[in-house]
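Right, one structure below, let's go through it.
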Amino acid sequence: MDRFSKERDEMVSRQLEGRGLQDQRVLAAMRTVPRHLFVSKKLANHAYRDMPLTIGHYQSISQPYMVALMCELLDLSATDTVLEVGTGSGYAAAVLSELCGHVVTVERIPELAKNARVVLGTLGCDSIEVHCVDGTVGFPGRSPYDAILVSAGAPAVPEGLKQQLKSGGRLVIPVGNSKMTQDLLRIRRHSKDKFETENHGGVAFVPLVGKEGWSM
Ligand code: SAH
């Protein structure tokens, strides 16, 4: 229990269940992770509102519904190893760590990676490793992954990310040809060369910047 427990429960019932999310493991994770600790003290009172919030460096922590939706689409099991591209505040990584066995999360902005490491360390999230690298090429050192979440908008699906999925693995990624809006795609790898793509509708993420993403 903390001073925001009630707001967190309300966030889950109104914003998530109210919009049709039903995965009980995801809902429980969203009820557990203290989102207010992943934003500045000034914004803590807004942490459970139905919106993204700034985390500095022109980046944002995603809207709670978007985090929960992406986690539901990843279809995670307790033993899965997951790669997240775009650590940002570390919040989505903390939610993922409630749902799987190990999380590798990568962030390109050193200060954000450092802050996320501190918060996740304070919360005792020891199944999460944070690396400061360009995640558009994935993180081959820990691959293959059961699931990959990209928390920033890509111009196209980076081939390297598809290749770092296990057979049966899922990649959830916002893709769009403008830096402002994307479609949320779920790509499932059925076998070495067989991938299936589903479109889960329009979203708006900050751009994925890097070798296989947008240039600055
Ligand atoms: N999941 C985050 C929100 C991420 S916002 C959270 O829960 O707070 C998207 C993040 O992706 C930003 O922090 C941005 O710096 C990062 N990003 C953008 N391009 C990247 C890249 N190529 N590799 C790693 N991180 C990247």
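Both counts, for ligands and for their atoms, begin at 1 and track the order of listing.
Close N/O approach between Gly135 and ligand 1 is found [any backbone or side-chain N/O within under 3.5 Å]. Considering backbone and side-chain N/O atoms, Leu208 never comes within less than 3.5 Å of an N/O atom of ligand 1. Between Gly86 and ligand 1, a contact under 3.5 Å exists for at least one N or O pair. By the 3.5 Å distance cut-off applied to N or O atoms, Glu84 is counted among the residues near ligand 1. Between Gly210 and ligand 1, a contact under 3.5 Å exists for no N or O pair.
Look at Ser60 and you'll find a heavy atom under 4.0 Å from some atom of ligand 1. Within the structure, ligand 1 has Pro207 among the residues with a heavy atom less than 4.0 angstrom away. For Val133, the heavy-atom gap to ligand 1 drops under 4.0 angstrom.
Across the listed options Val106, Thr87, Ile61, Thr87 owns the non-hydrogen atom lying nearest to atom 2 (C) of ligand 1. Nearest-residue assignment for atom 15 (O) of ligand 1 (options Glu212, Glu107, His57; heavy-atom criterion): Glu107. Of the options Ala154, Ser89, Ser151, the smallest heavy-atom separation from atom 6 (C) of ligand 1 is shown by Ser89. For the residues Arg35, Lys211, Arg108, the heavy atom positioned nearest atom 24 (C) of ligand 1 is part of Arg108.
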Residues Arg189, Gln163; criterion side-chain hydrogen bond (donor to acceptor under 3.5 Å, both in side chains); working and verdict: CA-CA 9 Å; Arg189 185 176 205 175; Gln163 295 308 329; 3.0 Å; yes
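The aromatic rings of Tyr91 and Phe38 sit perpendicular, their planes meeting at an angle over 60°, well past the 30° parallel limit.
Residue-environment remark: NZ (Lys166) exceeds the threshold of 12 foreign heavy atoms within 6.0 Å. Around atom CZ of Arg14, no more than 12 heavy atoms belonging to other residues, nucleotides or ligands sit under 6.0 Å away.
With Arg142 as the partner, the side-chain hydrogen bond (donor to acceptor under 3.5 Å, both in side chains) test is satisfied by one option alone out of Gln164, Glu129, His131: Glu129. Under the side-chain hydrogen bond (donor to acceptor under 3.5 Å, both in side chains) rule, Tyr48 has a single partner from Glu7, Glu10, His36, which is His36.
For the residue pair Glu107 / Thr87, no side-chain donor-acceptor distance below 3.5 Å is found, with atom types taken as modelled.
Note that Lys162 lies in the cation-pi zone of Phe195, set by a 6.0 Å cut-off to the ring centre and a 45° limit from the axis.
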